[in-house]
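Working notes, structure below.
Owing to the predicted nature of the structure, the values given are computational and were not obtained by experimental measurement.
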Amino acid sequence: MGIGFDRTSTGSDALSQYAQEIQEVWSNPNEIPEKYLLWFHHLPWDFKLKDGHTLWEGIAYHYDRGVKEVRAMQQTWTSLKPELDPEEFEHVRQLLNIQEEEAEWWRNACLLYFQTFSKRPFPSDIEQPEGDLEYYKSLMFPNAPGI
């Protein structure tokens, strides 16, 4: 029916451990800072966020932002190529490619997982996954730096 955990007085009441001024604001899902929203509230997938998107859309855009950010880093890195040692440039370029691949996997795997509960489609302006959840769970990334 939704996502999050109710830590208000109607749930675990963990919010009562906070100062009264915080309790008053954070007990209202329309006033709490959105970064804490699902920590303190269990909400339906169609709950409207401050930007007008539904909670489901907000989650989808959050994961998609990670993919877009790494792509922006790749563009910035490419623009610096004339200023850099070719070997160093190529090494970081390869690492950024790995990061992009894994960001796409993470976005798709997470959203497909949450979709099993939300029963909602991906927003149309987000790249659609190439496979189902089982496909993304089966992927391995042996080239991750540091492993």
Side-chain angles (χ1 to χ4, degrees), residues 1-80 84 88-89 91-147:
M1 293 182 63
I3 189 170
F5 190 87
D6 186 359
R7 290 181 167 85
T8 68
S9 61
T10 60
S12 71
D13 201 28
L15 188 55
S16 68
Q17 299 174 52
Y18 291 75
Q20 186 62 38
E21 298 82 10
I22 292 175
Q23 289 180 49
E24 290 171 8
V25 174
W26 289 15
S27 64
N28 183 337
N30 294 305
E31 293 184 31
I32 189 171
E34 285 184 346
K35 67 181 181 178
Y36 304 126
L37 183 63
L38 297 179
W39 182 256
F40 288 98
H41 297 275
H42 180 88
L43 297 167
W45 296 103
D46 60 356
F47 176 82
K48 288 289 185 185
L49 299 173
K50 292 174 182 154
D51 65 5
H53 292 117
T54 66
L55 180 57
W56 168 248
E57 292 166 337
I59 291 170
Y61 290 130
H62 173 81
Y63 283 101
D64 193 53
R65 201 165 26 257
V67 175
K68 286 184 167 79
E69 287 173 0
V70 72
R71 288 178 181 162
M73 285 187 267
Q74 288 172 314
Q75 289 178 341
T76 300
W77 187 249
T78 299
S79 75
L80 297 171
L84 300 168
E88 179 182 12
F89 173 81
H91 176 73
V92 173
R93 187 194 66 75
Q94 289 176 10
L95 293 175
L96 287 170
N97 285 346
I98 292 168
Q99 187 173 352
E100 179 188 22
E101 183 179 324
E102 290 192 357
E104 290 173 355
W105 169 79
W106 185 249
R107 176 201 57 208
N108 294 340
C110 289
L111 292 179
L112 286 166
Y113 170 76
F114 289 129
Q115 189 180 51
T116 64
F117 304 102
S118 75
K119 310 288 190 229
R120 286 164 169 71
F122 280 39
S124 61
D125 55 343
I126 289 180
E127 294 171 29
Q128 303 299 298
E130 296 177 9
D132 62 8
L133 180 57
E134 291 307 312
Y135 165 75
Y136 285 97
K137 287 169 57 176
S138 74
L139 295 178
M140 303 292 283
F141 297 97
N143 299 320
I147 296 177

So, do Trp77 and Phe89 sit near enough that their side-chain heavy atoms are less than 4.5 Å apart?
yes
Check for a donor-acceptor pair, side chain of Glu100 on one end and backbone N or O of Arg71 on the other, with a separation under 3.5 Å.
no
Salt bridge check: are Glu104 and Arg107 linked by an N-O gap of less than 4.0 Å?
no
Rounded to the nearest 0.5 Å, the CZ atom of Arg120 sits from the CG atom of Leu111 at a distance of 13.5 Å
In Å, rounded to the nearest 0.5 Å, how long is the span from CD1 of Ile126 to CZ of Arg65?
9.5 Å
Show, in sequence, the C-alpha distance, side-chain angles and deciding distance for Tyr135 and Leu112, and conclude whether the side chain to side chain contact (heavy atoms under 4.5 Å, CB included) test is met.
CA-CA 10 Å; Tyr135 165 75; Leu112 286 166; over 6 Å; no
Taking Glu21's backbone N and O only, do any of them form a donor-acceptor pair with Glu24's side chain (distance below 3.5 Å, no angle check)?
no
Inter- and intrachain pairs under ring-ring contact (aromatic ring centres under 6.0 Å, His included), touching residues 6-27, at least two apart:
Tyr18-Trp26, Tyr18-Phe40, Trp26-Tyr36, Trp26-Phe40
Results of side-chain contact (heavy atoms from CB on, under 4.5 Å) for Glu88 - residues two or more places apart only
Asp85
Smallest separation among heavy atoms of Ala60 and Pro123, with atom names:
CB-CD, 3.6 Å
Just jot down the ring-ring contact (aromatic ring centres under 6.0 Å, His included) partners of Trp39, sequence neighbours excluded, or say none.
none
If you define the side chain from C-beta out and look only at heavy atoms, does anything of Ile3 sit under 4.5 Å from Ile59?
yes
Between Tyr61 and Asp125, a side-chain donor and acceptor under 3.5 Å
yes
Between the side chains of Glu130 and Asn108, does any donor sit under 3.5 Å from an acceptor?
no
For the residue pair Thr10 and Asp6, confirm or rule out a side-chain donor-acceptor distance under 3.5 Å.
yes
Does His42 reach the main-chain N or O of Gly4 with its side chain, forming a donor-acceptor pair under 3.5 Å?
yes
State the NZ-CG distance between Lys137 and Asp132, to the nearest 0.5 angstrom.
9.5 Å
From Tyr63 OH over to Phe114 CZ, what is the distance, rounded to the nearest 0.5 angstrom?
4.5 Å
Between atom CZ of Arg7 and atom CG of Leu15, what is the distance when rounded to the nearest 0.5 Å?
10.5 Å
Does Leu37 reach the side chain of Pro29, with side-chain heavy atoms less than 4.5 Å apart?
yes
Can you tell if the side chain of Leu95 reaches within under 4.5 Å of the side chain of His91, non-hydrogen atoms only?
yes
Look up atom NZ in Lys48 and atom CG in Leu55, then write down how far apart they are to the nearest 0.5 Å.
11.0 Å
Check for a donor-acceptor pair, side chain of Glu34 on one end and backbone N or O of Lys50 on the other, with a separation under 3.5 Å.
yes
For the pair Asn97 and Gln74, evaluate side chain to side chain contact (heavy atoms under 4.5 Å, CB included) and give the outcome as yes or no after the intermediate values.
CA-CA 8 Å; Asn97 285 346; Gln74 288 172 314; 2.9 Å; yes
Scanning both residues in full, the closest heavy-atom pair of Tyr136 with Gly131 reads CE1-O, 3.4 Å
Classify the angle between the aromatic ring planes of Trp45 and Trp56 as parallel (below 30°), tilted (30 to 60°) or perpendicular (above 60°).
perpendicular
Could you tell me whether Gln128 atom CD has more than 12 heavy atoms of other residues or ligands within 6.0 Å of it?
yes
